[in-house]
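Below you'll find the structure, written out as structure tokens, and then a few comments.
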Amino acid sequence: AQELAPSFDSLAGARLGIRRDRTWRSFEIFADEIERLARERGAVADVVRFDAGPRIGAPEVESTRIVEFASGVDAAIVGLGT
């Protein structure tokens with residue numbers, strides 16, 4: 001089993017990454033609201049959106065995109081965990 005990433009006491013000053021998935025409408029609504037609240041409340045330094053795209057193509061290209069996204073943020077929301 002993979003270990004969970006360490007939790008944050010605060011996201012103040014952090015770059016928050018949010019995965020975008022246009023095929024999952026409920027997550028889009030959730031992600032938009034989280035971004036709005038984080039920006040409105042000044043809870044983060046920046047919000048970075050990652051568009052998952054159609055997920056058709058070379059897996060190594062997708063992996064590179066994901067690594068670039070992950071390395072550019074301090075914390076990320078990538079799903080609802082449902």
Side chain to side chain, Phe50 and Arg65, heavy atoms closer than 4.5 Å: yes

Close side-chain approach of Asp46 and Arg39, heavy atoms under 4.5 Å: yes

Sequence-distant partners of Glu40, salt bridge (Lys or Arg N to Asp or Glu O under 4.0 Å), two or more places apart: Arg36

Minimum-distance pair of heavy atoms, taken over all atoms of Ala38 and Leu16: CB-CD2, 4.4 Å

Cluster overlap Leu37 with Ile18, hydrophobic side-chain contacts below 4.5 Å: no

Partners passing side-chain contact (heavy atoms from CB on, under 4.5 Å) against Ala70 (at least two apart in sequence or in another chain): none

Test salt bridge (Lys or Arg N to Asp or Glu O under 4.0 Å) applied to Asp74 - qualifying residues, sequence neighbours left out: none

Passing option when Phe69 is tested against Val67, Ile66, Val73 for side chain to side chain contact (heavy atoms under 4.5 Å, CB included): Val73

Nearest heavy atoms of Gly13 and Ala45, plus distance in Å: O-CB, 3.4 Å

Cluster link Val47 to Phe8, ILVMFWY, side chain under 4.5 Å: yes

pair Asp32-Arg49: side-chain heavy atoms closer than 4.5 Å: yes

Close side-chain approach of Ile77 to Phe27, heavy-atom, < 4.5 Å: yes

Check ion pair Arg19-Asp51 (N to O, under 4.0 angstrom): no

